[in-house]
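One structure is given here, and the rest of the page talks about it.
Every value quoted in this text rests on a predicted model; they were computed, and no experiment measured them. Throughout, a chain's letter reflects where its sequence line sits, starting with A, and its residues are numbered from 1.
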Amino acid sequence: MNTLAKWLIVAFLVTVPLWLGNQYQYHVLIMMGIFTIGAMSLNLLLGYTGQLSLGHVAFFGIGAYTSSLVSLGFDLQLTDSYTFVVEPKPVWFAFFCALIVSGLCGWFVGKLSFRVRGAYFVIVTISFAEVVRLVALNWVDLTEGPMALNNIPPLASGVPWMEAGALSRRVANYYMVLAVGLVAFLIIQRLVQSRVGRAMIALRENESLAKSVGVDVTRYLVLAAITSAAIAGAAGALYAHYVRIVDPDVFLFIYTVTMVIMVISGGKGTLAGPLVGGLIFGILPELTRGHMLPEVQWIVYGALMILIVFFLPQGIVPAVQRGWATWQKRRDQSARDTSASNGRRQEVAR
Amino acid sequence: MTLHMTTPATTRQTVLTVDNLAVHFGGLVAISDASFKVDEGEVVSLIGPNGAGKTTAFNVISGFLAATKGVVAYKGRRLNGLKPHQIADAGLVRTFQKTSVFGNDTVIDNIMIGLHRRGDASIWQTLLLTPKVRRQEQALREAAAEILDFVGLGHRSNELAGALAYGEQRLLEVAVALAAKPSLLLLDEPACGMNPTEALNFRNLLGEIGRKKITVLLVEHNMRMVMGVSDRVVVLNHGRIIADGPPTEIQQNPEVIRAYLGHGPKHA
Amino acid sequence: MDQLLQHLLNALILGSTYALLGIGLTFIFGIMRVVNFAHGELYTFGAYMVYLFSVLLGVNFLLSIVIAIVLGIMLGALLEWVLLSRLRGADIDTTMLVMIGAWIIMQNAEQLIWSGVAKSIPMPFPEEPLSVGGVSVAWSRVFVFAVAILLIVGSQTLIQRTRLGKAMRATFQDRDTASLMGININMIYLATFALGSGLAAAAGALLGPIFIVMPTMGNLAVVKAFAIVILGGLGNMKGAALGGFVLALVEELGAGYISSGYRDAMGFLLIILVLMVKPTGLFARTERIG
Amino acid sequence: MLEVDNIECRYGKVDVLRKVSLSVGKGEFVALIGANGAGKSTTLKAISGLLPPVGGRITFEGEDITRASARRILEMGIAHCPEGRRVFPYMTVQENLEMGCYRRRDWKHMSDDMDAVFDRFPVLGERRAQAAGTLSGGEQQLLAIGRALMSRPKLVLFDEPSLGLAPNNVQKTFEYIMEINRQGTTVLMVEQNAYAALEMCDRSYLLESGHVSLEGRGDDMIHNPHVQQAYLGMEV
Amino acid sequence: DTIKIGINQPLTGSVAASGTFITDGAKLAAQAVNEKGGVLGGKQIELVIEDNKSNPSEAAAAAEKLISRDEVVAMMGAWGSTFTLAVMPKLEEYGVPMVVETASSSKVTSAGNPWVFRIAPTSEMEAKAFGRLVPKFEVKKADFLVVNNDWGRGAADEFGKMLKAQGVSVGLVETMDPAAQDVSAQLAKIKASDADTLFVTTGFEQLSLVFKQAKALGIDRRTITTGGSQFPDRLAEQLGGAADNSYHILFFAPWFPEAAANPDVAGQYIDMWNKSGFDKSGLSDGFRGFDAVTTIAAAIDKAGSADPKAIRDALWAVDVKGVNGNIKFDKVGVEGSESGQSSPNVYVIEIKDGKLALPQI
Ligand SMILES: Nc1ncnc2c1ncn2[C@@H]1O[C@H](COP(=O)(O)OP(=O)(O)OP(=O)(O)O)[C@@H](O)[C@H]1O
Ligand SMILES: Nc1ncnc2c1ncn2[C@@H]1O[C@H](COP(=O)(O)OP(=O)(O)OP(=O)(O)O)[C@@H](O)[C@H]1O
Ligand SMILES: CC(C)C[C@H](N)C(=O)O
Ligand SMILES: [Mg+2]
Ligand SMILES: [Mg+2]
């Protein structure tokens, strides 16, 4: 995609509040944005390093819990006589704590599974997410367990005009999500289009060969895990301050599945894939709502997923790219040669 | 180890030493007590019957497998316990017996991955996309094109590696290894699957590599090639070294003939 | 002491049911390499079929279980035929995504058909538990244990000893070469998936009456089943069975002596620990490089 | 016995074989040579049913097998020893050999045949319980050859049987192949080791970029200057 | 046009059975109101039903949708104490009242949320009502097995307090995850304890598992269940002897209509229920939805407008004849922002030889 198109998209997104009036549409847009950020972060692991993290929601949830706890304040009785007290902190500070803590967890999972690949990596990540969920469920003194952390301060708290009403708070949330999304996109883009990204792709394509030419695969896997986890944690923090309640069900598998669907249907290992997947699967439920029972709605969702896989097994973005390339080829033989090869190098790794 | 005596005394520096190496898989002894050396700038061939332990030796030297016993050292540095990428950093780069490329990447990107060790931009520089990073990328891309031309794959640079013909993939593997700037190149049956004409061309390439002052340790069953390019030949049988010497001598060695060469089809 | 014995006995019984879950998935995930998220739905399906036949239609309980298993096999075959047969040679994520789709569809269909309200299935076993010394176990669980052991031994024999089992392993190790050996590839795919599905339905049919039956009952079951298969080492029946028992033992003792809330957490911690030490499970396949 | 008549094959959209024709008579030993990527392996895959051709016709003993399943073709007596070993990596050596006679009904002869393979390649006998994937490259190749012969085929297709074999094993393998050929098994062999292949065979074909460009007796080929220069590594 | 009332109930997940019955009851009340001509002089009421999936975040999300998307004027919800607490900030944020039909934790009304009106009894009220039976049972020591949320923990607290006040010692307090299906580890511990009575607090689904698994472990002691959502008739039917020697604290006992506070309303409700073909065992739970919607409709009428704030103010003035007695709200909780709490009746049902009975006090 060329730079102009990218800027046009950004400009379009920035102007959304000018014409969107309905509160509920904002809600849908914000939630979609949050999960799209999650999907982007998952794509770094799944699409580029080839490691399927099916416990990705752990990082999302850890971000959500960390940011909530720091902004709400908490105390931990460490010994009989000593209690560790954290006073409520500003939301922006809590947000950075969330980035750091989830990034650390990413580091931990990366280290933990440094020798573990493929299906085994999948299970380590699922297990990690389950352990974290169960801790959130049972460490009631800290997390309130199944009672949920409630009344989490909204993202904009402290900024007076934003606290005024529900609508302006939504606008604030929207821009927050947009900003975090853009930064995340940029980080991921720069990483994957560099030497670092090549090392990650090498790990995915042929690990032994990568090692033999001097790629420290563990290092890049850990790096990808940290980045991916921190971005997922940011999405989780946005989520917590937006919905203002978190309970251990933020760790539910279905959220990971949602992100996986977005990535794979959009096209894993492409930068635009998660965005396209996020758009489709974030809005789809809302388009079908009201016309059918929720269950039927989900059935349609599942069926659509299957159809996408059948007809566009690499995902939507690579399919469009290929279609575009063929079209151009027909139109202009010589112009095609350079652009398709550049396009392939930058965008589709498979 | 009397056979070591046959090694010609040279003024060359010994770079790789393998000392009393043993590798066991459970009860199975793949290598037992093997010792040999490679000198700087030499082309040494490691030959031996199927299952003799050649690939296993490569796996140990390149850090993919832990030795049961024995020491591997390169330029005085002990390699045991190092990870493969650290060994590559030390200048030892290997290829694989089973064809091994990044099949879903373009040929030029394969080389770019091979050039990994030559880049040094930090994460922060990468994220900020500093001019240095841009310059380095450009330089790497030029280096990659140069390597492709060197092995004769320049015209294929935008193909997917997986779509290349077999012989071309074998060449690409060597090119990827060369990109990693080895001082010692370990090649595991690089000419396997090439027809005699292609093998001949490859032999010339090996000569060029030698002229670049890269030491080569070669595993190969193609005797024409082995006898043609090697300065010295080490013969492994049942995990033991049974001969070590110049090609002409090895060809006459009755034990080698019995265990390995046979008296087979003359052009094999 | 009695408490310990009771925990050990509970673990044994629970382990047999975990093992049963594990071996079904070993066929589909361990051998076929299909990350089958719909596995839990076949489990749920088995349970609902027993409910349908034994509670709603008044069919004999044991017969209902047999019917449920047969229907599970048929449903599995159908899934394979409709969804997977056109994805031969597709990579593992692709089939995974399709099975996630199937999972979502099936679970919501169950929700529509049976509603979200849990169902309970009575079992025709004596109410008084079997008590020896201070420990007791319900007859229903003894029954489950016996059937599970039977199915586990049967599956192990099938895979290791029979011609069909060897053909299955060969097919999923190298499809083209297997067809050169004269193996009917499509038949093997169908049979393997159907058998795995049948075992999942069997697990549901046996466990549904012990617990309760609801559309989401498969969700945790499927995660545990994956964990068990991995714990044992992919594709290893014996490993999966043993993995099931180990998991149950750790969970039960952890719950009994450390904290019941962390019961499931101990199991998952165990898996992480095992994989850190043995990255390819308890019974790893030997691989080689180069 | 085998007639390949103008077959065309493609992978996706790429045409690989363009009207390849060849024939193999009963008891013959035919070699197929050509450069990398010429389509030799593809021809064998078309015959054994792995990659049914999109055009043309293949008949075996008078029966049309162009679109028959691999299983049917095997049952008719054609075995294919594929390129690149292709052993079942997690099955033992013995199980791999058993798979070779999967379709055979006379299981009682199986162990005799297996012993014959072990006699020929004692190293496989020593490793009968080892997982095939952990064998060395050459050992795997020997196993693949042994496995192809387990079905007692009438016609066996060898795809580069000498690949990765040490000289002594190359010699043993070629002797083995000639021996089974003498005993009545028809052989169609693809070899990069062109000189040896041409010396051994009765007749041969040269395949170049998707079609047969030359056909003739083995020794005639050896003396063809084009063949010498392009395939035998001889300067002419 | 119609007036929309939001229903926020668990229709799937661990406590779906009760939530479904309560929703059924709510539908009956809406039907009854509409048949009588609706509210505000002829406007029909329409229920907008959202599934909270037995989960607090989902409950908050459901409230969000009901208010911002469907623009309901009042809500009923959200079954569990935890779910209700999760919804409560939304009520303040948007200014919409909610009638709480089931939740029993004291936190619901002590939080200082002036949009909350509870018609369910608190655990404290339950404990007090049950306290009269304690001397008769000669309880010496009691264990607790409760669901790990506000409801279960609250119940363990309140009942523990009440027992201690009567000189009974409290042994183990074991918790279980709301979705747990295997509680044999907890039960194995309880089996080893020397208490004579076991208090169990959880939803029906888990309760039936507890009974089954306790029986399987050979636990045979007096068991008391709390919370009002136990379907004792189903327990007796499904579990046979396994449920004997158990007592269940309920807020409506349809099997003994003579004991009901408002027999006429109760009779009408039972009639409608049976006519609609709903599951009979849902009667003892469905009444809460019925009463809640009746209360909301009354408040709308009293408010004279469909404005949420006016409805809130009107709720303070309602006096409704409900299935379980008269509904009238007292001010409780934080001064200045009080919540409403009515005073419903509490019943204890015994299962004896597989049959339901009213124990003699
Ligand atoms: N992972 C392993 N497990 C068990 N045995 C192994 C393993 N790897 C190698 N072996 C055995 O070790 C021996 C040496 O194997 P290696 O691959 O080193 O032989 P090689 O000399 O490279 O032979 P080739 O010329 O056939 O490639 C073989 O007999 C092989 O079966
Ligand atoms: N699975 C495949 N998908 C796409 N193209 C393929 C595939 N297999 C082979 N090809 C292409 O088909 C052509 C012929 O391949 P084939 O394997 O038949 O050649 P060959 O003569 O056997 O060569 P070699 O000596 O390298 O084995 C080659 O250009 C190859 O790149
Ligand atoms: C009684 C139950 C149905 C609900 C319970 N009262 C609670 O607060 O969660
Ligand atoms: Mg080797
Ligand atoms: Mg070939």
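Near-neighbour residues of residues 127-136 of chain B relative to chain A, defined by a heavy atom under 4.5 Å from a heavy atom of that chain, comprise B:Leu127, B:Leu128, B:Leu129.
Heavy atoms closer than 4.5 Å to chain B are found in the side chain of A:Val196, but not in its backbone. Within the 4.5 angstrom heavy-atom criterion, atoms from both the backbone and the side chain of B:Phe102 approach chain A. When heavy atoms are compared at a cutoff of 4.5 Å, B:Ser62 does not approach chain A at all.
Top candidate by heavy-atom pairs under 4.5 Å with chain A, chosen from B:Leu140, B:Thr95, B:Ile113, is B:Ile113. For chain B, the option among A:Ala210, A:Gly197, A:Ser208 with the highest count of heavy-atom pairs below 4.5 Å is A:Ser208. Your options are A:Thr218, A:Leu223, A:Leu209, and the one with the most heavy-atom pairs under 4.5 Å with chain B is A:Leu209. Of the listed residues (B:Ala177, B:Pro84, B:Gly119, B:Ala180), the greatest number of heavy-atom pairs within a distance under 4.5 Å of chain A belongs to B:Gly119.
Between B:Arg117 and A:Val213 the shortest side-chain heavy-atom distance does not fall below 4.5 Å.
When every heavy atom of B:His116 is checked against every heavy atom of A:Ala199, the shortest pair comes out as CE1-CB, 3.7 Å. Minimum interatomic distance between A:Arg198 and B:Arg141 (heavy atoms only, all atoms of both residues): NH1-NH2, 4.4 Å.
Crowding of B:Glu208 atom CD: a count of heavy atoms from other residues, nucleotides or ligands under 6.0 Å exceeding 12. Within a 6.0 Å radius of CZ in A:Arg115, more than 12 heavy atoms belonging to other residues, nucleotides or ligands are found. Summarising the local packing, CZ of A:Phe310 is surrounded by more than 12 heavy atoms from other residues, nucleotides or ligands at distances under 6.0 Å. Summarising the local packing, CZ of A:Phe108 is surrounded by 12 or fewer heavy atoms from other residues, nucleotides or ligands at distances under 6.0 Å.
To the nearest 0.5 Å, atom OG of residue A:Ser212 and atom CG of residue B:Leu92 are 11.5 Å apart.
Not less than 6.0 angstrom separates the ring centroid of B:His85 from the ring centroid of A:Tyr220.
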Query - side-chain contact (heavy atoms from CB on, under 4.5 Å) evaluation trace for A:Asn206 with B:Val101 - result: CA-CA 7 Å; A:Asn206 189 335; B:Val101 294; 6.0 Å; no
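Residue pairs satisfying the salt bridge (Lys or Arg N to Asp or Glu O under 4.0 Å) criterion with at least one member in residues 180-195 of chain A, sequence neighbours excluded, are absent.
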